[in-house]
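First comes the structure, then the notes that go with it.
Index from 1, following the sequence. Note that these values count all heavy atoms, side chains included, but never hydrogens, waters or copies made by symmetry. Just follow the structure's listing: the first ligand is 1, and inside any ligand the first atom is 1.
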Amino acid sequence: EKAGYEHFMLKEIHEQVSAIHNTLAGKVSELEGTIDLKELSMTDEEIRKLSRVQILACGTSWHAGLLGKYLFEQLAGIHCDIDICSEYRYRSPVISDGTLAIAITQSGETADTLAAVREIMSYNCPTLAITNVVGSTITREANSVLYTRAGPEIGVAATKTFSTQLTLLYILAVKFALARGKLSPNYVKGFITGLRKVPGQIQQILNQKEAVKECAENFAHAENYFFLGRHFNYPIALEGALKLKEISYLHAEGFAAGELKHGPIALLEKGTPVVTIATRGQTYDKVLSNIKEVKARDATVIAVADNKDTEIGKYADVVLTTPQTSELLSPLLSVVVLQLLAYYTALARGCSIDKPRNLAKSVTVE
Ligand code: F6R
């Protein structure tokens with residue numbers, strides 16, 4: 001059932017190619033520049049009336065939601081808050097009219113997420129669930145459901161459910177932006193063309209996985225690992241660190257790259273691996289200066305960069321490449337590199353990859 005792969009996790013990383021394709025099927029029209037989300041059951045008029053989006057999620061799904069916040073605000077101009085579910089109920093949230101709650105949970109069974117959803121629904125706030133599991137508890141509680149259609153995920157570490165959650169958040173944010181007149185159908189056509197290329201580009205990354213494996217093996221015995229990203233790739237830095245700690249038991253932390261100098265830089269030592277997502281975009285130059293700060297402490301920079309970037313090699317010790325895409329879509333590619341890095345690090349350390357110690361696939365206690 002692992003279809004020739006050594007672990008479910010590796011199989012599921014590869015399945016992202018078809019999973020993202022399935023998530024998109026029937027939802028986007030490249031020709032017309034439109035997005036069709038029947039399951040959402042909201043008219044354009046209702047979307048225009050929204051004043052706020054409140055995202056609720058835990059763990060990896062929370063990382064997807066964090067990118068969602070950037071997308072809803074930047075593309076659709078809707079104020080968006082995001083909370084960790086286990087905190088939400090206890091901080092006396094203020095819920096304003098016109099709020100849409102979006103609960104993200106691959107299993108649909110996470111107790112903290114269900115509790116947060118019950119809390120917000122008690123204020124009559126309409127709630128949309130994003131989940132992978134048909135018939136899961138969340139699907140019976142939320143007002144509407146969008147399925148990621150990633151297929152069953154067996155590995156405890158979420159991979160294809162994460163990238164398909166991101167895919168849905170992209171098209172949801174673009175749909176909201178269209179309804180609110182923030183993006184033109186022409187822009188959306190270009191966006192959909194880019195999005196449709198993503199599965200093939202993930203395949204290209206998978207074809208070069210040996211380079212990631214070699215890098216993982218070289219640093220498999222590091223004591224600490226850091227992950228830096230900015231803007232759209234900040235949530236991906238957090239996700240890269242979480243994947244690594246979950247399955248390789250290495251100490252790893254993700255930071256917003258600009259935050260490094262406000263404290264975490266004190267932890268850098270000679271040779272500490274610092275994975276820095278440095279794909280092209282508005283913060284590229286800032287990321288380059290972050291890389292220089294890291295190098296000045298004799299730490300080792302592993303950069304994730306576009307394959308056309310000829311500059312990055314001057315600063316980084318190791319460069320892991322992704323095919324070129326828009327800045328907006330780059331997280332869907334950079335995350336695959338980080339998933340592979342976590343996988344091959346755990347493999348080199350002889351860890352139990354599909355069933356890491358102390359973790360369960362769905363966490364049904366609060
Ligand atoms: C990470 C992981 C966990 C889950 C979290 C939420 O690989 O699997 O962090 O993301 O427990 O789970 P769901 O999405 O099922 O609510």
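Side-chain contact between L166 and L67 is present, with heavy atoms from C-beta onward closer than 4.5 Å. By the 4.5 Å heavy-atom criterion applied to side chains, N224 and L267 are not counted as neighbours. Residues I102 and L146 have side chains not in contact (no heavy-atom distance under 4.5 Å, counting atoms from C-beta outward).
In the candidate list K245, K361, E246, Q339, E246 is nearest to atom 3 (C) of ligand 1, counting heavy atoms. Summarising the contacts of atom 13 (P) of ligand 1 with D112, T110, N132, the nearest heavy atom is found in T110.
Atom 15 (O) of ligand 1 has as its closest protein heavy atom S107 OG, 2.7 Å. Summary of contacts: the protein heavy atom closest to atom 11 (O) of ligand 1 is V363 CG2, 4.0 Å. Scanning the protein for heavy atoms near atom 6 (C) of ligand 1, the closest one is C58 O, 3.4 Å. Protein heavy atom in closest approach to atom 14 (O) of ligand 1: S61 OG, 2.6 Å. Closest to atom 8 (O) of ligand 1 among all protein heavy atoms lies V156 O, 3.3 Å.
The N/O atoms of Q165, backbone and side chain alike, include none that comes under 3.5 Å of an N/O atom in ligand 1. Between A157 and ligand 1, no N or O atom pair is found at a separation short of 3.5 Å. Taking only nitrogen or oxygen atoms, main chain and side chain alike, A158 reaches within less than 3.5 Å of ligand 1. Taking distance alone, with nitrogen or oxygen atoms compared against 3.5 Å, T60 approaches ligand 1 more closely than that limit.
Surrounding CD of E269 are at most 12 heavy atoms belonging to other residues, nucleotides or ligands under 6.0 Å away.
Note that CZ of F227 and CG of L341 are 5.5 Å apart. Values are rounded to the nearest 0.5 Å.
Side-chain N or O atoms of S289 include one that pairs as donor or acceptor with a backbone N or O of D285 at under 3.5 Å.
Note on K175 versus D36: no salt bridge recorded, every NZ/NE/NH1/NH2 to OD/OE distance being 4.0 Å or above.
Of all the heavy atoms of T161, none lies under 4.0 Å from any atom of ligand 1, so neither backbone nor side chain is involved.
Note on ligand 1: K243 sits in its first shell, one or more heavy atoms being nearer than 4.0 Å.
Checked against the 6.0 Å centroid criterion, the rings of F176 and F72 qualify as a close aromatic pair. Between Y88 and Y90, the ring center distance fails the sub-6.0 Å criterion.
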